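The structure appears below as C-alpha cells.
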Amino acid sequence: MKPKRSKRISIKIAFLVGTVEIISMLTLFLLINFNLSKILEKKAIKDMSIIAKERAYIIETYINKCCNFLDEYREHPAVKEALQNKNNPSTIKRINELTHDFASSHENLEGLYVAEWDTFVISHTNPASRNQTFRSKENAKILEETIKRNNASFCTGIVLAPVTKTMVIPVYAPVYDENNNAIGFVGAAFYTTYLAKKLDLLTEGKNGYSLVNAETNAYIFNKDKSFVGRPCCNHKMLDVIKGFKTGKISSNIVNYKTDKDFIICYYMKDRNWVFSIEDSNENVFGIIYYIRKVLFTICIIFTLIMILVCVINIDYQMRPIQVITRQIESFKAEDYTKSDIIKKYTHRKDEFGSIATVVNELNTVLEDQHHLFFEVLEAQTVGTLVTNAEDNKIILVNQTAIKLWGIDPSKRESLSMEVIKNRFDEKEIEKIANVREIAKKTNEVVVYETSVKHDDGTVIHLLSHAKSTQLSNGEIVIIFSFIDISAQKRLEENLVILSETDSLTQICNRRSGEYKVRKAAKAKNGGMFCLFDVNKFKYVNDTFGHTVGDKVLVEISKCMKKAFRETDILIRIGGDEFVVFAPGIKDKTHGTIVLDRFMEKISEISLAEIGDHKISISLGAVLVTEPEEFSQMYAKADSLMYDCKKQGGNIYKFY
C-alpha cells in the first residue's frame, strides 16, 4: 500500500535510528580491528601447540620404557642360555619361569618371547605359542635383517593385534653370545591401554586427540575408541599428513580450523606418525569471543539509549497512536473486532492515516491468519502441546497429540494435565517435570524420549522436544512436540542384540560377554568362571574342513544352552575357545553337578561328517567368592585348562 503523503515522523525515526546504527557499527568495527584479537589468537595457538608436543612426548616416553623393559629381559643370562641349549629341559624351564616373572611385572604386556632367527619360539608367555614357527622363511629373513640393523631394542610401530583386536606396540631386540654374535632375538607386544587412559585423563573431556600412522593413514589412537585401527577419512587431516611426508610442510607442527573446531597437528618424524589435538573454537578462542560479545553488548546498549532518546523526542507528536496501540492490544488478546475510531483515522492525510489504514487491513489479515493457524495445527502429523510455564495450564493442543497419548478425542475440551499425566508412569512424569524446569531456565531446545501406555496395553515411544518462549504479553509458555519413534526403538533394540551376539553360535561375543562377566563378578553372590576349548579342533578343521568345524562349534553352543541356566553368561571368546560364568555357584559340589551334566552333553555330540571322531573339551573352572577382574579369572582358568590338555583332555579341573 502506498502512503497517502510524505511520512515526516517516519523520516525522523529512520534518520535517528540510522545514525545510531552507523555510529554503533563504526565503533564496533574500530574496536574489533585492534591488535588485541590477533595477539590473543596467537597465544591460544601457541598453547595448543605446546599441549600437542607434550602429548606426543608422552607417547615417545612410553615406547622408550617398553624398549628398556625388553633390554632388561634380553640381558638376562637365561635368555642367551636358552638360545644355545634349547634342547635342555632344565634350561627351557628356567627361561619359561623368567619369561613368566618378567611378564608378571608389566601390567600392560600382551606377550613376551624368545625366538631363533627362523622365528622358532623357544619361550613365550602363551604356552600354546611355544615350539612354533610364526613366520615364513622370507619374512623371517627380513625380520632378522631389520633387528640386526637396529642393533638394540626398537619399536616397529603400533598395530592392531590379530587375536585380541587391541592396539599393541611390537618391540624387538637381538641377543648376542660371548663372541658378540647375534644368535637370536627377543620380542614383546605392549598394550596401548596405559597411553589411551593417560591421554583421556589429560584431555579432561574438553578436547579430542588422535594419533595417525602416516605410512598407512590408519588411526593408532583416537578419543573415540571405535576409530582405532580404521583408516583416517578426514580429508583435511590427510592433506596435512601428505604435506608432512612430501616436505611441502617444512615445519613439524601445523594448525587449521573447521567450522566448529581448531586442530593442531604435530609430526613425529622419527616414527612417521602424526599426533593431533582438537578443541572447539569456543574453548580455544573463548576470550576473543567474550571480548567481541562485550563490545557487541556495549553497542547494543548504546543503540538502545539512542532509540530511547528518539522515542521521547517523538512521543508528543505521536499521542494519537495510543488509540491504534489499544487496537493492537486487542489483537494480542485474539479479539479481532474492528474499531470505529481506527476507521476514522484512515481518512487522515498524514502518517497517522497511513498507520490506521495498515492496522485496519492488518485486522482482516490477522483474523484470516488466526483461522489458518488452527487449521494448520490440526493438520500436523507432529503432536503439539503448549502450556503455561508457571501453572502448567494447557494453552494449545492438537489432535495428533491426543492420538499419540491414546486419549479419547471427545475429551479434548475438558483435557487437563492430570489426565495426560495418567498416561505416563512415575519415572516418566519425573523426567517430564525435570524437562519443564530446564526449559523454563534456558532458551535452548530440550530433546528427550518418553513412553506412553495406551488403554489396550500398547506402549508408544515418543521423541519429544521442549522449548520455552516469552509471548508479547510477558507470559512464558513451554512448547512440546512429539513424534512416534516406536519403530525406530525396535530397530535399535535389534541392532544392540546383533552387536552383542556371536554370529555363528548365537551366544555372547567376547566384547559383550566380558562386560557382562565383569558386572556379574562384582556382585556379592560370586559364581563359577569356566574356560574351555575343543580338544584337537585343528585336526577337525584340517581333516573335515572349516564348515564342519563351524558345525562342531554350533553343537557345543547348543550343549552350553542345555547344560547351563538361562541366567548364566555364555561367551564365545574366539576360535574354539569359550567362557561360561554361572552366578551364585560358589562351592565345588554344586559346580561338579553342573560340569558333569555339561561334559555328558558334549560327549553326546554326533555329526555324520566326522564319523567316529568324538568331540571332547578341556575345561578349567574357578569358584569366585570375592569380586575379581576378568583377566584374573581368565588366567586362573587358562592354566587349569592347559593342565587338562596335558593329561589327555576330556576332563575338567577346579582352581
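Because only heavy atoms are used, hydrogens play no part in the values below, and waters and symmetry mates are left out as well, while side chains stay in. In this text, all values refer to a predicted model and were calculated from it rather than measured experimentally.
The shortest distance between side-chain heavy atoms of L143 and R135 falls below 4.5 Å. T458 has its side chain out of reach of K453: every pair of non-hydrogen atoms, C-beta onward, lies at least 4.5 Å apart. A 4.5 Å side-chain heavy-atom check between I556 and I605 finds at least one atom pair inside the cut-off.
Of the possible polar contacts, one joining the T442 side chain to the E444 backbone as a donor-acceptor pair under 3.5 Å is found. Within the 3.5 Å criterion, the main-chain N or O of F630 finds no donor-acceptor partner in the side chain of R518. Of the possible polar contacts, one joining the R565 side chain to the P583 backbone as a donor-acceptor pair under 3.5 Å is found. With hydrogens and angles ignored, the 3.5 Å screen pairs no side-chain donor or acceptor of T543 with any backbone N or O of V540. Side-chain atoms of N96 come within 3.5 Å of backbone N or O of I92 as a donor-acceptor pair. R572 places no side-chain N or O within donor-acceptor distance of the main-chain N or O of N509, the cut-off being under 3.5 Å. Counting only distance, with no hydrogens or angles, the side chain of K431 and the backbone of E449 share a donor-acceptor pair below 3.5 Å.
There is no side-chain donor-acceptor pair under 3.5 Å between Y219 and N213. Residues Y73 and T99 bring a donor and an acceptor atom of their side chains to less than 3.5 Å of each other. Side chains of N139 and S136: a donor-acceptor N/O pair is present below 3.5 angstrom, by distance only.
Between F190 and F69, a ring centre-to-centre spacing shorter than 6.0 Å is recorded.
In this structure, E215 places its CD atom where only 12 or fewer heavy-atom neighbours from other residues, nucleotides or ligands lie under 6.0 Å away. Crowding of H100 atom NE2: a count of heavy atoms from other residues, nucleotides or ligands under 6.0 Å not exceeding 12.
Atoms SG and CE, from C530 and M641 in turn, are 12.0 Å apart once rounded to the nearest 0.5 Å. For the atom pair SG (C66) and NE2 (H106), the distance works out to 5.0 Å, reported to the nearest 0.5 Å. Of the inter-residue distances, the one linking F482 atom CZ with H465 atom NE2 reads 11.5 Å to the nearest 0.5 angstrom. We find the CG-CZ distance between L570 and F581 to be 12.5 Å, quoted to the nearest 0.5 Å.
Under the 30°/60° scheme for interplanar angles, the aromatic rings of F578 and F532 are found to lie parallel.
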Quiz item: After noting the C-alpha distance and the side-chain angles of Y634 and V517, does the key distance pass the side-chain contact (heavy atoms from CB on, under 4.5 Å) rule?
Solution: CA-CA 11 Å; Y634 183 97; V517 170; over 6 Å; no
Exercise. Check step by step if side-chain contact (heavy atoms from CB on, under 4.5 Å) holds for Y266 and V274.
Key: CA-CA 6 Å; Y266 179 74; V274 176; over 6 Å; no
Quiz item: Step by step, would you call F120 with F134 a ring-ring contact (aromatic ring centres under 6.0 Å, His included)?
Solution: CA-CA 7 Å; F120 178 81; F134 61 89; over 10 Å; no
Self-check item: Steps toward side-chain contact (heavy atoms from CB on, under 4.5 Å) verdict (M268, E60)
Solution: CA-CA 9 Å; M268 302 170 68; E60 190 67 38; 3.7 Å; yes
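One finds a salt bridge joining E437 and K440 here, because a Lys/Arg side-chain nitrogen approaches an Asp/Glu carboxylate oxygen to under 4.0 Å. Using a cutoff of 4.0 Å between basic side-chain nitrogens and carboxylate oxygens, D533 and K645 are scored as salt-bridged. Ion pairing between a basic and an acidic side chain is recognised when a charged N comes within 4.0 Å of a carboxylate O; K561 and E566 show no such pairing.
When all heavy atoms are compared, the tightest approach of R511 to E500 is NH2-CG, 4.3 Å. Minimum interatomic distance between V171 and S153 (heavy atoms only, all atoms of both residues): CG1-CB, 4.3 Å.
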